[in-house]
Amino acid sequence: MLKIIFFLILTLPICFMKKKFWMVQNLLFFISFLFLLMNSCVNYWSMISYFLGFDLMSYGLILLSLWICSLMLMASEQINKYSNYNYLFLFNVVILLILLILTFSSMNLFMFYLFFESSLIPTLFLILGWGYQPERLQAGLYLLFYTLFVSLPMLIGIFYLFNKMGTMNYYLMNNSLFNYELLYFCMILAFLVKMPMFLVHLWLPKAHVEAPVSGSMILAGIMLKLGGYGLLRVLSFFQTMGLKFNYVFVSISLIGGILVSLICLRQTDLKSLIAYSSVAHMGIALAGLLTMTYWGLCGSYSLMIGHGLCSSGLFCLANISYERLGSRSLLINKGLLNFMPSMSLWWFLLSSGNMAAPPTLNLLGEISLLNSIVSWSWFSMISLSFLSFFSAAYSLYLYSFSQHGKIFSGIYSFSGGKIREYLLLMLHWFPLNYLILKSEFFMLWL
């Protein structure tokens, strides 16, 4: 595990060399492929160093982090082109990647907490430094304070656990069960805000709309998964408490998913529509995860990976349109079928991925989540059917409003995509649909 971290630390000086933007990006791709070949993973921890190691769950998320960070540099060509502090940008992305990998691969709960919180700082810099509107300051504060407000109780909870058990290692803690309400809420709430659960989701659309494309990609691709990963790790020693209280969060998530889907149908901003759809998807993943059934845990894990690729790809598309038209409004991004005909295929493929069409990984995740939630309570069928319907509805709304209709009269041109953009979208879409062939990695990891 340490070799990956060292590779990335030694990439840091290259960030400050002249004309090495694509060099860093190629190095990140190189390490992603190297890591892809390290999948000697079984259900237990492997590649163990002092406090790092990974099991199958961390492996998928580390690979996703490496992949999304490589694609972030590919999407942020404008920063390199206009020399918008591009050295600092590269440095920031690589630091963020190092922190994320450390978060997912630490086997120690306190170390996980430390890196979980510190990955917030580079993300904040991305939004504050390279965002578009002046409101990015408010968005950054929202992001910071929502997370920090709930993570202090979690720190105290972690110290309490250490005091009781004398260890912080996941595999040693799995043997114990805690029957203590306050501790349960302290440990769970930080992850619920990060997921984000409905009612504590307000920071997410704000942060997405103000972030640059790379910020949106990392937020949708990885940051939301930190919450799910943390829950998958800590729920094992709160099972009795989970049986007692989880129904509250499951209900909030399911009803919140429907409400957020309705909000989606009223959005005129491309980015904010995609951001709200993320909240709806994470709502169903959270509900499945908290049923604590085998299907639910595996389903939420595969939906997290699938959603990371799909949502990130949609943000890239929104940014491609934004670079051409200078606006993200659906009222101006109309009739793109005439304006960028070859990009419409990608709009279609990624929108259908967003509504979990086969053969995407989202489909696998959603089917197992449906199974787990319905087996948990037959009554939840009502909200699930609405969720599935609206999920298709807003994806279709996004696609048909942006591609069809009369082209905005201010656009007197025609614009094809660049090869870089097609490659970027292909690298989002290909793993999303191809990983279904290796679905045992997502469904049989417990």
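What's counted below: heavy atoms across the whole structure, side chains too, no hydrogens, waters or symmetry copies.
Taking both residues in full, the closest heavy atoms of Ser375 and Thr293 are given as OG-CG2, 4.5 Å, listed atom of the first, atom of the second, then distance.
A donor-acceptor contact shorter than 3.5 Å is absent between the side chain of His281 and the backbone of Leu303.
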I would like to know whether Tyr59 and Phe441 meet ring-ring contact (aromatic ring centres under 6.0 Å, His included); could you show each step before the answer?
-> CA-CA 10 Å; Tyr59 175 76; Phe441 273 123; 7.1 Å; no
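For the side chain to side chain donor-acceptor pair (under 3.5 Å) test, no residue two or more places apart in sequence or in another chain qualifies with Tyr170. Among residues two or more places apart in sequence or in another chain, the side chain to side chain contact (heavy atoms under 4.5 Å, CB included) test is passed with Ser368 by Trp295, Met443.
Within the 4.5 Å cutoff, the side chain of Asp269 has no heavy atoms near those of the Leu330 side chain.
If you take CD1 on Ile127 and OH on Tyr142, they are separated by 13.5 Å, rounding to the nearest 0.5 Å.
When only modelled atom types and interatomic distance are considered, Ser311 and Ser278 share a side-chain donor-acceptor pair under 3.5 Å. Checking Tyr247 against Ser377 by side-chain atom types alone, no donor-acceptor pair falls below 3.5 Å. Neither side chain, Tyr294 nor Asn371, offers a donor N or O lying under 3.5 Å from an acceptor on the other.
Taking the six-membered ring where the residue is Trp, Trp346 and Trp429 present perpendicular rings, their angle passing 60° and hence far from 30°. Ring geometry for Phe191 versus Phe112: interplanar angle of 30 to 60°, hence tilted. In this structure, Phe185 and Phe249 have perpendicular ring planes: the angle between them is above 60°, well past the 30° mark. A parallel orientation is assigned to the rings of Phe198 and His201, their planes being inclined by less than 30° (bins at 30° and 60°). A perpendicular orientation is assigned to the rings of Phe348 and Tyr399, their planes being inclined by more than 60° (bins at 30° and 60°). Using cut-offs of 30° and 60° for the angle between ring planes, the Phe178 and Phe238 rings count as tilted.
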